[in-house]
Amino acid sequence: MAKEITSRVNDYSQWYNDLVVKSGLADHSSVRGCMVIKPYGFAIWEKMQAALDKMFKDTGHVNAYFPLLIPKSFLSKEASHVEGFAKECAVVTHYRLINDPNGKGVIVDPDAKLEEELIIRPTSETIIWNTYKNWIQSYRDLPLLINQWANVVRWEMRTRLFLRTAEFLWQEGHTAHSTSQEAIEETERMLDVYAEFAEKWMAMPVLKGKKSPNERFAGALDTYCIEAMMQDGQALQAGTSHFLGQNFAKAFDVKFANKEGKEEFVWASSWGVSTRLIGALIMAHSDDEGLVLPPMLAPIQVAIVPIFKGEEDLKKIEEKFAPLLLELKAKNISVKFDKDDTKRPGFKFAEYELKGVPVRLAMGMRDYEAGTIEVARRDTKEKSVQQFEGIGNYIEKLLEDIQANIFNRAKTFRDSHIREVNTWDEFLKAIEEPGFISAHWDGTPATEEKIKELTKATIRCIPLNNKQEDGKCVFTGNPSKERVVFARAY
RNA sequence: CGGGGUGUAGCGCAGUCCGGUAGCGCACUUGGUUUGGGACCAAGGGGUCCCAGGUUCGAAUCCUGGUACCCCGACCA
């Protein structure tokens with residue numbers, strides 16, 4: 001075995017790290033907490049971007065780009081926003097380096113201190129709302145529906161590849177509206193877009209819900225989220241959509257004249273997903289042999305391994321496959337025909353499993369003569385021999401089947417790991433098992449805080465369209481109208 | 001920020017206790033044989049032993065100081 005991956009049961013966290021590095025998605029960089037996203041990992045991100053970008057455009061949004069650097073003073077204009085982000089901001093203080101007069105290398109030129117320090121954006125609400133002030137005068141300028149693809153920096157104390165890195169890639173939508181209701185509708189619409197993307201493309205079931213006040217975005221009136229369950233039963237927030245009310249409009253003085261000619265503050269939403277989704281993808285589906293990628297996001301959907309002795313065999317097999325390659329291309333299926341003669345078939349099989357390629361085809365002279373082909377699917381690791389004739393359609397269906405199968409597998413796992421509990425004793429017992437807990441909560445931040453302190457579990461969300469039922473808070477016994485979802489989270 | 005670990009060839013590591021020619025596996029290069037589940041043989045190339053200072057005839061190894069990254073926790077839109 002050239003590449004040993006720690007097994008999930010042994011050490012889930014180590015399994016994840018091994019997998020990310022050994023499958024070639026990303027590496028640690030020489031900067032603490034920052035990663036190098038390698039071509040294979042970036043290809044997944046590009047597929048995610050393409051799908052999401054289309055969904056954003058289809059819902060009326062356009063892309064723009066705002067600066068990486070933000071004047072320090074901007075951040076403090078919205079009180080709770082600065083409180084949330086100040087402690088993890090990287091700051092630019094100087095603009096020049098000079099040769100070190102005492103030795104080798106360069107030092108910061110003390111004479112090149114910035115008048116006002118700049119922060120590297122941890123998120124762009126402030127610089128964007130400062131810009132919107134100039135763009136919005138009338139109700140005719142609204143709504144403003146803008147998205148940006150960007151990188152942000154948050155100086156996290158502890159980082160993990162993809163899940164929490166100091167620098168990460170994301171998209172952030174920032175919209176401006178003339179009414180509260182319209183902004184709320186936008187917030188909910190984008191949550192639906194995220195949920196659809198997670199379930200349809202990533203094959204990852206998610207719970208849609210609202211955050212409790214404790215877990216809200218710094219500066220939001222309401223934070224909506226999608227929460228996914230990883231294979232170790234922990235929760236991962238996979239996307240958020242915030243209703244910002246008029247907080248940023250007030251902080252940056254963004255007003256518009258309504259139809260009656262009166263000035264009003266603008267209503268806002270913001271929403272984002274990040275490269276963390278790649279972490280989610282890995283932890284939702286993969287196994288001890290490597291990645292398991294959903295066909296819709298796999299950079300390579302079909303790998304073909306010809307097994308040959310000498311140029312003549314290879315040529316025969318290549319000729320046999322030529323029409324199939326065209327057919328698959330026409331079906332928009334990405335294929336790699338791997339005729340690399342320096343690696344043996346067994347090596348390639350293992351490598352494509354590690355990389356999570358959904359379907360692998362193998363053909364040697366035996367199959368060639370018989371008019372058959374070996375088909376291996378990554379999700380179940382099943383192999384079968386099929387007739388070569390008509391294999392294009394078979395593969396197309398198989399990819400759909402794999403996409404559906406891994407979604408169903410993840411959904412079955414999740415649904416069987418959500419427990420309803422009604423007493424504190426049950427809660428304490430259940431939280432030591434993998435999975436989510438559905439329980440009544442009295443709605444107070446104090447109770448949530450206390451539960452977190454005692455169990456490390458947080459309220460992941462208050463599910464949307466939640467069933468209303470009378471109950472008692474699992475901790476205080478105070479009356480409650482609905483259940484909320486508790487879990488330990490990444 | 002607390003605790004732990006690690007810095008030696010591209011990668012993974014041994015050597016450090018007990019100072020004395022810098023090693024192993026993988027990868028790489030060349031040639032050959034192989035090819036249906038991670039091939040084999042032969043030859044070869046590759047080093048600021050994290051940095052600085054000290055002890056010593058001599059330091060990867062001992063001493064002092066620094067630094068970087070990783071892991072566990074606390075923290076975390």
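Within every chain, numbering begins at 1; the chains are lettered A, B, ... in the order of the sequence lines, protein sequences first and strands thereafter. Only heavy atoms go into these numbers, but all of them, side chains included; no hydrogens, no water, no symmetry mates.
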If you go through the side-chain atoms of A:K383, does one of them form a donor-acceptor pair with the base of B:G37 closer than 3.5 Å? yes
Collect all protein-nucleotide pairs involving nucleotides 28-35 of chain B in which both atoms are nitrogen or oxygen and the distance is under 3.5 Å.
{"unit_1": "B:U35", "atom_1": "N3", "unit_2": "A:D341", "atom_2": "OD1", "d": "3.2"}

Starting at the 5' end of RNA chain B, what dot-bracket string do you get if Watson-Crick and G-U pairs under 3.5 Å are bracketed, crossing pairs use [ ], other-strand pairs use | and unpaired bases use dots? ((((((((.[[[[.)....(..]]]].((((((.....)))))).....[[[[[..)....]]]]])))))))....
Tell me if a side-chain donor or acceptor on A:R32 pairs with a main-chain N or O of A:T159 at a distance below 3.5 Å. no
Taking the nucleotide of RNA chain B with the closest heavy atom to each, which residue, A:P122 or A:K348, is nearer the 5' end? A:K348
Nearest-angstrom distance, C1' atom, B:A43 to B:G58: 35 Å
Separation of the C1' atoms in B:G23 and B:A9, to the nearest angstrom: 11 Å
Measure the distance from CG on A:D338 to C1' on B:G37 and round it to the nearest whole Å. 14 Å
Quote, to the nearest angstrom, the P distance that separates B:U48 from B:G3. 34 Å
What integer number of Å spans the C1' atoms of B:G46 and B:A22? 13 Å
Nearest heavy-atom pair of A:V273 and A:G239: which atoms, and what distance? CG1-CA, 3.8 Å
Span that lies between the C1' atom of B:G15 and that of B:C49, in whole angstrom: 10 Å
Consider side-chain contact (heavy atoms from CB on, under 4.5 Å). Of A:L399, A:D401, A:V359, which one does A:P295 pass it with? A:L399
In terms of side-chain geometry, is the basic nitrogen of A:E318 or A:K339 positioned less than 4.0 Å from the acidic oxygen of its partner? yes
A:K452 and A:E449 ion-paired at < 4.0 Å: no
Measuring only the P atom in each nucleotide, how far is B:G4 from B:A52? A whole number of Å is fine. 27 Å
Given the options A:F56, A:W170, A:Y224, A:F243, A:W271 meets ring-ring contact (aromatic ring centres under 6.0 Å, His included) only with A:F56
Dump the intermediate steps for salt bridge (charged side-chain N to carboxylate O under 4.0 Å, His left out) on A:E351 and A:K348, then the final yes or no. CA-CA 5 Å; A:E351 196 68 14; A:K348 293 176 184 176; over 6 Å; no
In whole angstrom, give the distance that lies between atom OH of A:Y490 and atom P of B:C76. 18 Å
Do the two ring centres, one from A:F321 and one from A:Y368, sit under 6.0 Å apart? no
Tell me: CD of A:Q386 to P of B:G36, nearest whole Å? 22 Å
Candidate list A:N63, A:T175, A:T59, test side-chain hydrogen bond (donor to acceptor under 3.5 Å, both in side chains), partner A:N147, passing option: A:N63
Do the charged groups of A:D313 and A:K316 touch, with an N to O distance under 4.0 Å? no
Check step by step if salt bridge (charged side-chain N to carboxylate O under 4.0 Å, His left out) holds for A:R8 and A:D287. CA-CA 7 Å; A:R8 283 170 294 182; A:D287 62 26; 5.4 Å; no
What interatomic distance, in whole Å, is found between P of B:A74 and the corresponding atom of B:U55? 46 Å
N/O contacts under 3.5 Å, protein versus nucleotides 68-70 of chain B?
{"unit_1": "B:C69", "atom_1": "OP1", "unit_2": "A:R32", "atom_2": "N", "d": "2.9"}
{"unit_1": "B:C70", "atom_1": "OP1", "unit_2": "A:H28", "atom_2": "ND1", "d": "3.4"}

Minimum heavy-atom distance between A:I431 and A:R488, given as atom pair plus value: O-NH1, 3.6 Å
Protein-nucleotide distance (A:R488, atom CZ; B:G73, atom C1'), rounded to Å: 14 Å
Interatomic distance where CD belongs to A:E83 and C1' belongs to B:C76 [whole Å]: 14 Å
Ring centres under 6.0 Å, that's the criterion: do A:F427 and A:F475 meet it? no
Looking at the side chain of A:F347, which of B:C75, B:A39, B:C76 is the nearest nucleotide? B:A39
So, does A:R158 get its side chain near the phosphate of B:A74, meaning an N or O under 4.0 Å from OP1 or OP2? no
Could you tell me the separation between the CD atom of A:E369 and the C1' atom of B:G36, rounded to a whole number of Å? 14 Å
So, under a plain 3.5 Å distance rule, would you say the side chain of A:E374 forms a donor-acceptor pair with the base of B:G37? no
Could you pull out the closest heavy-atom pair between A:P299 and A:Y40, with the gap in Å? CG-CE1, 3.8 Å
Base contacts versus sugar-phosphate-only contacts with protein, heavy atoms under 4.0 Å: please encode nucleotides 9-14 of chain B as B, S and - from 5' to 3'. ------
Using the ring centroid of each side chain, check whether A:F436 and A:F486 are separated by less than 6.0 Å. no
Below 4.0 angstrom from OP1 or OP2 of B:C72, is there any side-chain N or O of A:S13? yes
I would like to know whether A:K208 and A:D192 meet salt bridge (charged side-chain N to carboxylate O under 4.0 Å, His left out); could you show each step before the answer? CA-CA 8 Å; A:K208 290 193 281 189; A:D192 286 341; 2.7 Å; yes
A:K381 has an atom NZ; how far is it from atom P of B:G37, in whole Å? 13 Å
Does a side-chain heavy-atom distance below 4.5 Å link A:I462 with A:W441? yes
In whole Å, I'd like the distance from the NZ atom of A:K452 to the P atom of B:G73. 14 Å
Report the relative orientation of the aromatic rings in A:F217 and A:H242; use parallel for angles under 30°, tilted for 30 to 60°, perpendicular for over 60°. parallel
Under 6.0 Å from the ring centre and within 45 degrees of the ring axis: does the NZ or CZ of A:R360 meet both conditions for the six-membered ring of A:F349? yes
Strand contacts (RNA chain B) in residues 311-324 of chain A, 4.0 angstrom heavy-atom criterion: none
Aromatic rings A:F248 and A:F252: how do their planes relate, parallel, tilted or perpendicular, breaks at 30° and 60°? parallel
For RNA chain B, determine which residues of residues 207-224 of chain A have any heavy atom closer than 4.0 angstrom to one of its atoms, and list them numerically. A:R216, A:F217, A:A218
